[in-house]
Structure formats: C-alpha cells, structure tokens
Amino acid sequence: MLSLRGVGKQYNGTRVLEGVSFDVMPGQIVGLVGENGAGKTTLMRILFGMGVIAETGGYEGSVLLDGREVRFKSPFDALAAGIGMVHQEFSLIPGFTATENILLNRESTRPNILVDLFGDRMSVLDRATMGLRSRKAIERLGVPLDPDTQVREMPVGHKQFTEIARELDREQVRLLVLDEPSAVLAESEAETLLAAMRKLAEQGIAIVFISHRLREVLEVADKVVVLRDGRLVKEAENESLSLRDLASLMVGRSFEGSSEARRPAERPSGAGFLEVEGLWVDMPGETVRDLSFSVAEGEIFGIGGLAGQGKLGVPNGVMGLFAAGGSVRLGGEAVPLNAPRRALEAGMAFVSEDRRGVGLLLDEGIDWNVCFSAMQLRDLAVRPLLGGLFKWRSDSAMRAVAEEYVRALDIKCTSVRQRAGNLSGGNQQKVCLAKAFALEPRLLFVSEPTRGIDVGAKRLVLDEIRRVNRERGTTIVMVSSELEELRLICDRIAIVDEGRLAGILAPEAPVEEFGLLMSGLGGRAAAPGAPAAPGRP
Amino acid sequence: MERIREFVSDFGLPRIIIALFLVLLFVAAPFVGVSVASSLSNTIARFGMNGIMVLAMVPMIHSGCGLNFGLPLGVIAGLLGATISIEMGLVGAAGFAAAAALALAFAALLGYGYGKLLNRVKGDEMMIATYVGFSSITLMSIGWIVLPYQSPTMVWGFEGEGLRTTISVEAFWDKILNDFLAVRIGERFVFPTGMILAFCGAALAVWFFLHLKSGSAMTAAGSNPAYARASGIDVDRMRTGSVVFSTMLGALGIVVYQQSFGFIQLYEGPFSMTFPSVAAILIGGASVTKASIANVFLGTFLFQGILTMTPSVINSVLKTDLSEVIRIIVSNGMILYALTRKTKVAK
Amino acid sequence: MIRRRLVARSILAASIAALAVLLFVRGKGHILYLDTNAVELGERRLRAPELSAVFVDGKDAGEMGRAERVIAEVAGPRHEIRVEPLSGEGEAAARSLKLPAAWTEIVISIPALLAGEADELVVTRFAAPPESAESEPNSFQQDESEVIPLAQ
Amino acid sequence: MKSKLRLLLIDNAVVLLFVAIIAVAIPISAMPLKYLAQEILTRLGRNAFLVLALLLPVMAGMGLNFGMVLGAMAGQIGLILVTDWNVVGISGVMLAAIISTPVALGLGWVCGQVLNRAKGREMVTGYILGFFMNGIYQLLVLYAMGMLIPIATPGILLSRGYGIRNMVDLIGVRQSLDKLLVVTVAGLKLPVATYLVIAAMCAFIVWFRGTKLGQDMRAVGQDRAVATASGIPVERTRIMAIMISTLLACYGQIIFLQNLGTLNTYNSHEQTGMFSIAALLIGGASVSRASIPNVIAGVVLFHLMFVVSPIAGKNLIGSAQLGEFFRQFISYGIIAVSLVLFSWKRKADVAASREALRGGSAPASGPSKGGRA
C-alpha cells in the first residue's frame, strides 16, 4: 500500500536520511526503531508533507501510495490521502470533551440561512451526530473511553486513545503512524493500547509504530524496520528477531578499539565525589523520577539515554534550574537543590544543552557572555570603588579575559564585542564552555555539547572537555544523546530510561547492552528473560 | 542604499519621521512668526522637567519588567514628599531637599511592594501596572481628602474639605533648580542650568549603577532571565530592585517637575504623567526590552520638542489647533508600534 | 454554491440598503413652520383667515391669527394638515402633504393650503435669514476651551 | 460536599464581596429602595448590551477587549450623522446602527490585525490602540466633520464652522428605544423593548457558541497550537471574534447613548471600555471565563455601587467627592485585582498540572506539554 523508494534528505548540507526503502501492507503493523537522530522524525515529516521539508529544499526518492507517487504539500494533503498520525505530544484541547476533540475541526454541522450569508462557519454543530461518530470511532478502537468526559479530567491513557480515535474518525484512514504512543503510558494502559492496535490491524488499517520500547515492538509488530544514522539497516519479519539483535542494530557500530578514553586501569575511582540520591526533577519533557548515582573525583562520567527519558533533567535539576528533590552531595557536603547560586558556589558549573535559551546572552558581546557568571560569582573583572562600597564592572578587564579564552578555544569572531547571537553554533558552544571554565569549577556538567554543531567543531569541543579534565583535574559529567561520543571520552556511562537509572556500563561494553538499557529492557522494566542490567565495572 | 535601509530598520522608521518632523518645525518656525529662541528655551525647559521621569523607564526595561506603566506610584510618592515638605513649612533649598528626600523614601517603600507584586505576575506586567497605577491614583485622591493636612496654602478654604487640586509652590521652592546658575541669552532664551544638571546627575547615577556588578546582573536578568538564573542571580530580587529604582526616579522626577512648573497637581494630575514618559523613551529608540541613557536624552528632546513646537507652528500654519491630536497620535502610535514589533530575540 | 452565496449576499446588502433608505425617509424629522403670512401669486393675494385652528395629524398645533408662525415637529414623509377657520371665512380644509426627505425645515403656507393651491406652493423650503446663522453665543475662544479631550 | 461549597464560594468571591459592600452601603446612603430599583432597571437596559460585547473575545482567549472603545467610536459617528440629518425616533436609532456597522467592522478588522501581531499581550495592546484610535477619531470629528464631511446642522458644529461640539444633544433619538414599549410593574417602569433587544443578544450568543465558528473560537481560546494543527484558521478566527465584539460594542454604545440623550463627543467612548470591563469583572468573570449571568450580575452590582457610593460617602464622612473617588477607585481597582488574580491563578494551574510529576515515586503519567525539544 505504502512504499518508500530511496528516500533521502539533507538539511543545509548535513545528510540526515539516505536511500530508505520499505513497504507497508494493509493491516500490517510495522515497527520503526532507531536512536535519536536516526532519521525517524525526518522520515515522518517527509511522509506528511511538513512545511519544513519543502523549505529546506525538498527530499530525494519517492513515496508511493497504492503504486502512485505522491508528494504532499501539507499535512492536510496527507490526511486527505488517508494517512493519520498521532504525535508524541498530545494535541488536544483540555476543556473539550473526547467527542469534541475527536471531531476537532471536522464537526458535523447543520446549515442554516446564515451560512449563505456569512459562510460555512455559521452552521450549527449537530451534537447528536457528533456523539454517534465519536462512539463509532471509539468502538473501532475497542477501548473504554467515555465520549463525554473532558480531556483535562482524563487519565493519560485515555488522552492517547482520544488522539487515536480522532484519526479513526476519518473514514478514509488506511495508514496510522503512532509516534511513541506508549511513552507516557503505564504498563496496563500500554497493554490496552497494543490490543487496540491489533484490533485496528485486523480491520485492515496499516500501522507504523515508532517506539523505543523494543519489547512492545516485538510483541505487536509484523515487521520491524531499523534506522541508524539516516540509513535503513534492517528490515525483517518479526519472527526472525530477538531483543538483543534489535538493540544492537539500533545502537549500531560495534565498538572497535579506537577508543580515546582512558583504559580501565587509568580511570579514577574511589569514594563518591558527587553523590546523587533519590533525585527527581520536574523538567518538562525530561522528567527525572528517581535517580541515584555517584561520580569519582577526576572522572568523566557520561549520562546517556533516548530523548525525553530524563537524562537532560539530571544536570538541570542538580544545578537548580528546575524544581527538584532528593539529595546531592559534592565532596561530602550537601548541596541544596532549587538554588542555582548555591550550586555554583559549591563549585559546580553547567554548560546547558539550551545554548540560545539558557547558555547565552544573545544580545550581548562575547566578553559579557564569558565573564558574566564569573563576575557575579567570584568578582572576576570587578574593580572595587570607595573601599569596596561599589563594585565597578571593568569592561577592559572583561575584554582581556574574553580575549584570552577566544585564543585558547580558537573562537572565530570579529572581536570580543561581537554579539553572541551572530556567532556560529560551534563558536557559541565554545563561548559556553569558556563561560563555564571561567568559573573554575570543581565539577562541570556538560549537556549535549555537540548538538547542532558541525563535525570539526565537535571534535574541538570534545578535546577541550577532555583537556580541562586532564589539566585542571575538573570532574566532568557529560550528558549526551550521542552514544558514540560518550563512549569516546567517558570513563563510565549511565543510561537513563523513563526518568530512572537503567544501568551503568563501561565505555567498552558491548553495544547491544547499551541498546537494551535504552529500550527499557534493563533493570526495572526488564522483561522475563532479558539480560539483567550490568553493574558498575 | 543598503546602508540607508539598514539604518532605517535599525533606527525605526517612526523615529526618523518624528525627528524630521521636528527639524521641519524648527525650520518653519521663523517663517510663521514663531520665535526660535523662545521655542528652544521652552523645549529645553520641558526637556529638563520631564527627563527624570523618562529616565525612570530605564531600570525596569533593563530588568525585563517592560514599560513602566506604573509610574503613577512614583508620582504619588513625589506628591506625598512635596506636600509633607510644605506642611512642615520648609522653604527654599531646605524645603526642596526635604521634598525630594521624603519622596524618595516613600518611593522606596511603594516600589518595594509594587516590585513584589510584579514578580508574581510575570508576563502581564504592563496591563497590571497600568491599572495598579490608576487605582492607586484614585485611592490617593481619597487620601488627599482625608489626610490631616493643616497648611493653609494647601487646604481648601472654609467650606471645602481636603487639599486643593493645584497647590502653588511659589512661596516655597518655585523654580529653585531652574534658577540655579541659569544662563540668560538675549531676551527670550533661558537655560535652566540647575535643572539640567539635576537631570544629568540622575542620568549619571543610572549609568553608574548599570556599570556596577549588581547593575550588570540587572541587565542580564532582563536580557535573558534563564541565563541570569543559571548564573546564580536571583532574578526576582533584581526585578524588585529595578522597580524600586524606577519608582524612586519617578518620585524625584515629579518633584523636579513641580519646582519648574510652580504647582503641585493632586487628584487626577498623575494620570497624565505616564504616557508621555513611555512614549518619549520609545521615540528615543528604546524597545520594550532594551533602553539606554542615550534613548532617554534623545527621546525626551524629540517628544518635548514636538509638544512645544506643534501648538505654535502648526497652529500658525493651519490656523487650527492640531497639537492635541498630534500628541495623542504620536505618543500612542509610538507605544503601539513598540508593542506590536516582533522582537528580534527568539525565545 | 458560490453563486448561491453571492445571490444571498447581494440580497442582504440590497435589503439593508433599502432598509436604510426606508428608515431615512420614515424617520426624517421635519420642523414645520405653519405660516399664515399672506402669499402673493402674481396678481392674486391669498390671505389667511383672521383666526384659524391648525391641526397636524389630528393634533392641535394651535390657534393662529394672521401673519403668524407656529412650529410643529413631525417625522416621516406624509402628514395631514387641517385648517379650521374660526372667524367664519371659508370652509375648513384638510390636506395630506408629502414632505421632501431632504428638507429639514419646511414652511407650510396656510393661505395657499386653504386656497387649494398646488403642493409646491404650500410646501416650501425654509430659508434662514443670513444673519441668524452667525448669531451663536459661543465665541471661538470659548469653543477652544470646551474641546479639551482627556489628557491621555 | 464541604469542599464543593468552598469552591463555590471561591469562584464567586468577587460577587459576594460586592454584595457585602453594597449591603452595607445602601442603608448608609438611606436611599429609597424603589428609587434604587428604578435606577438599576434603567441602567440594566442602558449598559448590559455593552458588557455583552465583551464575551466573545474572552471565549477566543484574547482577554478583555480593551479595544471595544473602537466600536463605541463607530457608534458615535453614526449617531452624529443621524442627528445631523435629523432622522428621529426608532428609525434614527436603527439608521445610526446601519451606518456605523461598516465603520465598526473596519475598525474591528484593524484591531484584530494589530492584536494578532501582539499575541500574549492583547489587553495592553488593545488598550493603547483605543487611545491611538481616539486620536484618529478626533481628527475625524474635530476637523474633518464640517470640512470634508458635510454637516448641515449648525447646532452641532463648533461656531468656527467645522468640528463637532463637545456636547451633542441627541434629542431626536432620545430614549426612543426605551420608550418604544414601556411596561409599569409595581410602579417601576421597564424599558421592555430594550430588554428584548438584550435578550435577543443573549440568545444570539448562546446560539453562536453552538456554531462551528463558536466552537473554533473556544478551541483557539484554549490552545492556539492545537487549533492550528487541526487546521482551524486561528488568526482569522481571532479577527472575527474582535470584529463581532467591536460591532456589538458599537450597537451597545448606540443603545447607551439613546438612553442618556446627550453625546459627550470627546469623552463618552473613553469611559465605555473601563466601565464595561469593570462591570463584567464585578459580575464574577475573569480574563478567561465570562458568561451571560456574569454580565447581568455585574451590571446590577456595579451600578448599584455607582449610584449608592457618592451618597453613602457623603453620609458617612460628609464628602460626596469621596464617594466619587471611591467608585473610581473600585472601577480601576477591580480591574487591577482581577488581572493580578488571573495571572496568579494561571501560574498556580501550571504548577498544579505538573504536581503529579514531582516526588519520584509517581508512576509514569501526564503529558509533558511543551516538551517539543
């Protein structure tokens, strides 16, 4: 029914998808599996004709529906052609009932005289027919969902069902794409969802099921497609696959001795320098629920995991940027949470993943960006006036410090007065590092240090992190979505899944171990028979 | 061509039009029989009178609280200071100093509460500030009636109750700053040295503060609150501080205004102070999120220049009084422009 | 469908316009100056009775002597004026007069009406004496002071 | 049960507060109840329509429509022209409404466009837009009328020959709607025709909520992003909400002024926005929720306070001025307080909706809004 033929895509010269081909049959459930950045999102965007694709130069290859090539100009074209999509984030109106949401902007209406005068939108909603339609859609799904409950009063699972029912109301719907539908569901709700998916497949609807929960994929999918680095690495019938295969396929490249990480013997060990216990962080989209770990002095500690699982919440919570609870000790002393200043004073610094939002003052020069935090915290570039009554900001001293870091980190700029907003991504990242280095921290959190920057700059940034670790002895906690990069420089790597620690591995551990941990199959969520989470090396 | 376009987009078209308009007014003035010297003198006097109140916008914009529609609070503090000083019967420099000092003290108090309030309504500051300002003016109007003032200069005669609507400061500190070291050139031009010095002094204080460590923190808090927070700054405290600072400037501003004007206007007087000040700083090139001292000087001069020149010049040309309408359109148009402009920094 | 909508909208627009015209005509207020001054028509000179009672739409507008003017306010295009001579000169006469919608102030000549002259002679537009228009109490200065809009 | 009662009390706290204030003030003012009742019945007819005009933008999530003064201006232009043409009676009122309709729709469209450029700060922008348009309005009424737009009646022109006088006597249309159908009940005169118009308006609003456009407005009001994703033309819908509101404000102002019988050319519309908004808020509405009962309760309470407070102030402290300032203070203060409360509540709601995600032990639950990375 749906066929992809050699689909590829570049964003500004960066290749994110190349030559992807596979078919989806009516009534078939296809599990689509891949790490973050593997190209799943881009593939779905192409399929749905999202504007961003056309704006960045279109795509290669072709999408065939029933053997005819289609090229959707907007998601509404895709919907008209019978493709429905349920996004990871809920797209529901909280004050509307399930029925109103299911039929959002497709309500049944009765025309009246005013329609002729002022247009279709003057027609009156036909609530009785709407109720029938939504009941029918819910019935097709076979779930217990009350059409008259307001969404804001529903449990999460029911919100998810409402979303799916919305797609089912379209009579012509033939293909349903579910993007991480189970990510927010409890175990029992997820079971109901899988059953509903099977029911839909029996009715002849094809389903593309995107999930990182490999066990669910194996349980429900007829066929599994694995994407990695923009390429299709495996397309196989379900029977022929095991969890372990899938995990290793997903995470990818087996790790050959090219590691630049310290050999196990050279790795720092000893009593916990940073000790985190029972940490919870309320960071939207990256919730940490219950996390404990400990980092040795001088170590480079990696935290990995898939997007949305909570790894980013760890540094943000510890540094006090989001509401958090639990206990954090640094060098034996308790660090209070929810107080950024106390965290900084304790000797911790943070290079945020949100460079433009949190990391930089986009409207100010490099000098301000580099020196500001250190000025506030340890009076860098401050000249006391009148015996310290006033603390005068010395612009010349700020420039001097900034120039020093520009040289040391090779930041490409016209001058240190250049606005940070005008720098390239890589140079912005270096400015962020310089800002953290200027604080002279004992412990440095680095979050997604290479996100959105080009390959050459990636290298430099990683080298810089390693250098500060070796030369200044700064303990590093590095959070990254890129497993390769963690394995490249870290001494140990923790994997976070659903806000909890899935396990801690050595960088040279087999790649499928990582994959299994990320897929919720290690530790807590382990299915019977799955390998237990390896302990600390 | 490209550079011109860039200049226009940086500086903002409305501003350029207003500046050109003012130049045109000055050029046209002699031809329609309006004295340039006295116009300039008037403009400078009004520049000095209003400058500090325009300056009162700067700290709050810097800390990210937006335009200070709550200026009436500062004005009320200034009115309290001035009336209490008169009640105490102080005259001359002592009276003025007492008025200013009391005004600052009240402003600090009011500003603190106001700042705390604004911290709890982030994002809605401007609308709330407007109505908090209005309601405090009317509340204070009740105050002017019931407060136990005694001074015969201020209290209504026999049958009335409470304070007069306008109180003359003639017997106290009328033009005390204006006349300080005032320079007279010719018959029609007077340079109010003392008042301009006071304005410059206040501007210098703001400039100095913004160059301190804590002032820098305030700027960062306004420029990017998330960044500031991550740098260990208590953003709320910075905002409260900026509100206190702004309110104090507003209070000082109204006292300076009164000594030049010669009267204290109570009751609904403070209503008319806010919008001209907001409009002035925007005309000077500030936006809802960015403002500098230079914006204050330029904007106050342009706006007050237009206010001075339109009644005399336009009226002589068109034989009709368009100045009021021009003032309304220019000042509110400017604020509207600032509110609807897409801010450059993407959140 | 689009055609249907176009038709419907045209009908709506037209009926609103028609309604506006109707309202204008029906609601147009007229100030009637009922006038008993003698009228010269060429040779003829029409005089009003010594005393007559005048009714506008059946309502008593007052008793009028000669060379008098009485004001009546009416709205709408058509009104019945009835004149009853009280001094015994001639018959009572009633006429339904059509008032032009464009005129606000209208002079109704009672003598012409009684004489059964054509409508154009009975109903004439009121022409204000030139000096009365300028005799307003307010001077320019006063106006300026009354037009001070709010300070905002 | 107990908590339900508490919730009811909290929801209606503002209304109860004002009922209490008025309950105290009426005896102090010693005004005859019958007089008060007549006053309120008259004022209900005069003001309710204006307040109703505020409902739709609240529904569309655009807050209180401070831009409603634009509609009021349009209505006044219609009334000035009708007065000039000397079209009187109910015909004059209706003609004024017809003439000002295109003006109001045009202004509403402008207002909608401007507010679409200032999403998130609609209220302050609408407020300033009102002032800005006031400048344009003055340009039109004070200069163009009599110069560019022919005005025949010297009585409404300034003696300089152009520009409309500060006060225009609307004698021709005065109370023509109110007096169309008067029923006397227990010695109280009810302007039934006006009430019927208001009732029709309420019926329209109820009906409108059930239309597709009304449903779209509710959707846009609750979540713009979701509405956009589902294909609802959000900007257009918002503009429509403002246009309808402006038009209703225009009709409301005409009803208001025909009752008063005099048009204060340069001030009437200024007061309209504030008094209507204050009335709606006193009736228990908020920035995000307003209903027809809020309108009725608000008009009654606000105007009771309005009538009673000067006399009560005078009897209490011996100063009528005091009461005057008090009612001004209440008008401004209630708006300030409601805006503050709304802002707090919104923040509290956000915090509460995330409560479930805190404290480690909770199972996976809750959508993560804004989690789009």
Side-chain angles (χ1 to χ4, degrees), chain A residues 315-316 319-322 338-346 348-352 354-364 367-369 371-386 388-395 398 419-422 432 435-436 438-439 445 447, chain B residues 6 9-10 58-59 61-64 66 122-123 204-242 245 285-295 341-347:
Chain A
N316 280 294
M319 293 303 292
L321 300 188
F322 284 91
N338 307 312
R341 181 151 197 121
R342 302 289 292 278
L344 289 164
E345 279 169 352
M348 299 193 287
F350 177 34
V351 177
S352 172
D354 185 0
R355 260 197 317 265
R356 300 179 69 86
V358 178
L360 292 170
L361 292 166
L362 294 172
D363 278 342
E364 309 291 343
D367 48 355
W368 266 71
N369 275 289
C371 299
F372 180 78
S373 300
M375 180 206 303
Q376 296 301 325
L377 211 74
R378 45 180 211 92
D379 285 354
L380 178 78
V382 163
R383 192 178 341 129
L385 295 181
L386 299 179
L389 185 62
F390 295 112
K391 289 180 170 175
W392 181 257
R393 178 183 83 220
S394 165
D395 289 349
M398 273 171 65
R419 278 181 60 237
N422 295 339
C432 289
K435 177 181 98 173
L439 284 167
F445 282 101
S447 191
Chain B
E6 200 163 288
S9 83
D10 264 18
V58 175
I61 295 180
H62 257 266
S63 71
K122 276 182 205 143
L204 196 71
V206 174
W207 179 84
F208 180 77
F209 175 74
L210 291 177
H211 276 77
L212 291 180
K213 178 181 159 185
S214 39
S216 312
M218 189 182 281
T219 305
S223 186
N224 183 349
Y227 175 97
R229 217 166 87 75
S231 296
I233 291 170
D234 186 341
V235 175
D236 281 1
R237 245 188 73 206
M238 284 299 132
R239 287 166 52 105
T240 311
S242 80
F245 197 10
S287 71
V288 179
T289 49
K290 278 244 167 251
S292 69
I293 308 285
N295 296 149
R341 209 159 58 138
K342 298 260 187 288
T343 32
K344 276 182 189 167
V345 188
K347 286 257 164 174

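First the proteins, then the strands, lettered A, B, ... as listed; each starts at 1. All heavy atoms count here, side chains included; hydrogens, waters and symmetry mates do not.
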Does any non-hydrogen side-chain atom of Phe372(A) lie less than 4.5 Å from one of Thr219(B)? no

Sole residue of Lys391(A), Met398(A), Gln376(A) in side chain to side chain contact (heavy atoms under 4.5 Å, CB included) with Ser216(B): Gln376(A)

By a 4.5 Å heavy-atom criterion (distance strictly below it), what part of Leu439(A) contacts chain B: side chain, backbone, both, or neither? neither

Is there a donor-acceptor pair under 3.5 Å between the side chain of Arg229(B) and the backbone N or O of Val358(A)? no

Val382(A), part contacting chain B, at a heavy-atom distance under 4.5 Å: side chain

Measuring heavy-atom distances to chain A, does Phe208(B) have an atom under 4.5 Å in its side chain, in its backbone, in both, or in neither? both

Portion of Met319(A) that has a non-hydrogen atom of chain B nearer than 4.5 angstrom: neither

CG on Asp363(A) to OG1 on Thr289(B), rounded to 0.5 Å: 7.0 Å

Between Asn369(A) and chain B, which part of the residue has a heavy atom less than 4.5 Å away: side chain, backbone, both or neither? both

Between CG on residue Leu380(A) and NZ on residue Lys213(B), distance to nearest 0.5 Å: 10.5 Å

Using a 4.5 Å cut-off on heavy atoms from C-beta on, say whether the side chain of Tyr227(B) contacts that of Ser373(A). yes

So Arg341(A) and Asp234(B), do their side chains get closer than 4.5 Å, heavy atoms only? no

What's the spacing between Ser231(B) OG and Lys435(A) NZ if we round to 0.5 Å? 5.0 Å

Considering non-hydrogen atoms only, spot the tightest contact between Asn224(B) and Arg356(A) and give its length. ND2-O, 3.9 Å

Taking the inter-plane angle between the rings of Trp207(B) and Trp392(A) on a 0 to 90° scale, is it parallel (under 30°), tilted (30 to 60°) or perpendicular (over 60°)? tilted

Does any heavy atom of chain B fall under 4.5 Å from the side chain of Leu361(A), the backbone, both, or neither of them? both

Examine whether an atom of Glu364(A) lies under 4.5 Å from a heavy atom of chain B, and if so say whether it belongs to the side chain, the backbone or both; otherwise answer neither. side chain

